[in-house]
K.L.:
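Shown below is the structure under consideration.
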Amino acid sequence: MNNLILAIDTSCDETSASVCSGRRVFSNVISSQISIHKKYGGVYPALAKRAHQERIDFVVKEALMRAKIKSTDNDLQQLDAIAVTYGPGLAIALEVGILKAKELAKVFSLPLIAVNHMEGHLYSTLGQNKNGLPNRKLAFPALCLLVSGGHTELVLMKNHGQYQVLGATLDDACGEALDKAAKILKLGYPGGPIIEKLAENYAKLPTTIKGKNESKYRLNLILKNKNDLNFSYSGLKTQFLYLTQKLDEKVFGTDLALLASVFQEAAFEQLIRKTSKAIEIYQPKTLLCGGGVIANKHLRNLLRALAKKNFLPIFFPPNKSLTTDNAAMIAIAAGYKLERKEFVKNPESLDRVPRLSL
Ligand code: KG4
Ligand code: ZN
């Protein structure tokens, strides 16, 4: 196998390690910390660090084993490089992965590749199974919509490794806004999938019931920054808070489903509007969509319709484990860096960059 890479991602609340060869994923082990952070309604950094430290060795070993590589000296020589996320993310969480990657690179005399987590989400759309499927061809320039818990960005990719950020969120990220809306409705963490489920339930209701409720809750979708390609979610969140505060009791049933649906529609409306605008201006040849929120089926349908209208091929991560945080996307991005020989010059000095941008 050529260009075999072991990658590590500990940027937030998943401890992950993966072995890939180019775009082909041989293993992608993800140890989620959701159960640890749930009671805090968000990620608790010190606990995330400790969980990463406790799990990293097992996760790396498991990733090697599933890729049929034994953790012995001889077998590890099959690898061509070690890759690691060095930002953006939680500083003390990133640190754990970086330390482990440095150690492995040193012990096995392998080059070290540093990867931007958002570049990983972008490359997650090119993931393949062991047999090299799906084998989609990427045409440049590609427009990338990245929507996660920490980021909401539109990026123009002119070639591998060449990015121009066209727009980003001016305040909260889309995933963060969905998580906050779920918190306001006292629904739990992470909020995105819960809001999705409720909105799906609402969509399934008979039109007679929906018709009666449709205009009950409204959110103003007018953005201050309507002429650029940036996003903004803090206004939406505040409106939603006021809207729910006006309600006398705890909402449930149809009302709860409707509120989740109204918020989700509002959150996705600006993603579609700005992506549409970017397509118009930059005339890309491919649309790439990555990040945790892209797991949402309704959002995928809206994006598919937009791509179809513009005769654009659209790529999503091919499976769920490549959509939310994972190390396979880091290994895939690193594969292109390996081809360009973009190694960390002095591995000892590689440091975390929590606010790293593309
Ligand atoms: O990419 P990701 O796993 O981590 C970051 O890099 O931030 O994204 C996590 C975000 C969370 O805000 C979560 O609520 C959201 O992705 N998310 C979803 C869905 N699954 C995860 N949002 C909407 N619908 C989903 N199905
Ligand atoms: Zn992420």
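Both ligands and their constituent atoms are indexed starting at 1 by order of listing.
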K.L.:
Which residue in the set I330, I332, N28, D9 passes side-chain contact (heavy atoms from CB on, under 4.5 Å) when paired with S18?
P.N.:
N28
K.L.:
Any non-hydrogen side-chain atom of V59 less than 4.5 Å from a side-chain atom of H52?
P.N.:
no
K.L.:
Counting C-beta onward and ignoring hydrogens, is there a side-chain heavy-atom pair between L258 and V262 closer than 4.5 Å?
P.N.:
yes
K.L.:
Can you confirm if the NZ or CZ of R300 lies within 45° of the ring axis of F316 and under 6.0 Å from the centre of its six-membered ring?
P.N.:
yes
K.L.:
Return the option from H151, H298, E196 holding the heavy atom at the smallest distance from atom 26 (N) of ligand 1.
P.N.:
E196
K.L.:
Could you tell me if any non-hydrogen atom of H121 lies under 4.0 Å from any atom of ligand 1?
P.N.:
yes
K.L.:
Using distance alone, decide if ligand 1 has a nitrogen or oxygen within less than 3.5 Å of any nitrogen or oxygen in G292.
P.N.:
yes
K.L.:
Decide whether an N or O pair under 3.5 Å exists between N296 and ligand 1.
P.N.:
yes
K.L.:
For ligand 1, find out whether one of its N or O atoms is nearer than 3.5 Å to an N or O atom of G149.
P.N.:
yes
K.L.:
Would you call C12 a ligand 1 contact, heavy-atom distance under 4.0 Å?
P.N.:
no
K.L.:
So, the side chain of T323 versus the backbone of N319: is there a donor-acceptor pair under 3.5 Å, distance only?
P.N.:
yes
K.L.:
Just to be sure I read this right, does ligand 1 sit under 4.0 Å from the backbone of D179, its side chain, both, or neither, counting only heavy atoms?
P.N.:
side chain
K.L.:
Measuring from the heavy atoms of K297, does anything fall under 4.0 Å of ligand 1?
P.N.:
no
K.L.:
Ignoring hydrogens and geometry beyond distance, is a side-chain donor-acceptor pair present between E280 and N310 at under 3.5 Å?
P.N.:
no
K.L.:
Indicate whether the side chain of S232 and that of D171 have a donor and an acceptor atom separated by less than 3.5 Å.
P.N.:
yes
K.L.:
Check ligand 1 against S148 and write out every atom of the ligand that is under 4.0 Å from a heavy-atom position of the residue.
P.N.:
1 (O), 5 (C), 6 (O), 7 (O), 8 (O)
K.L.:
Counting C-beta onward and ignoring hydrogens, is there a side-chain heavy-atom pair between K100 and D57 closer than 4.5 Å?
P.N.:
yes
K.L.:
Would you say ligand 1 has an N or O under 3.5 Å from any N or O of G192?
P.N.:
yes
K.L.:
Mark up the atoms of ligand 1 that fall under 4.0 Å of a heavy atom belonging to G150, in ascending order.
P.N.:
7 (O)
K.L.:
Once rounded to 10°, what is the value of the angle centred on the Zn ion (ligand 2) between H117 NE2 and H121 NE2?
P.N.:
100°
K.L.:
For the Zn ion (ligand 2), find the closest N/O/S atom belonging to D325 and write down its atom name.
P.N.:
OD1
K.L.:
Could you check whether any side-chain heavy atom of F315 comes within less than 4.5 Å of a side-chain heavy atom of P313, counting everything from C-beta outward?
P.N.:
yes
K.L.:
Output yes when the distance from some N or O of ligand 1 to some N or O of G175 is under 3.5 Å, and no in every other case.
P.N.:
yes
K.L.:
May I ask you to test the I69-L4 pair for a side-chain heavy-atom distance under 4.5 Å?
P.N.:
yes
K.L.:
What atoms of ligand 1 come within less than 4.0 Å of a heavy atom belonging to T324?
P.N.:
3 (O)
K.L.:
Side chain, backbone, both or neither: which part of H117 has a heavy atom under 4.0 Å from ligand 1?
P.N.:
side chain
K.L.:
Could you list which atoms of ligand 1 come closer than 4.0 Å to a heavy atom of P190?
P.N.:
14 (O)
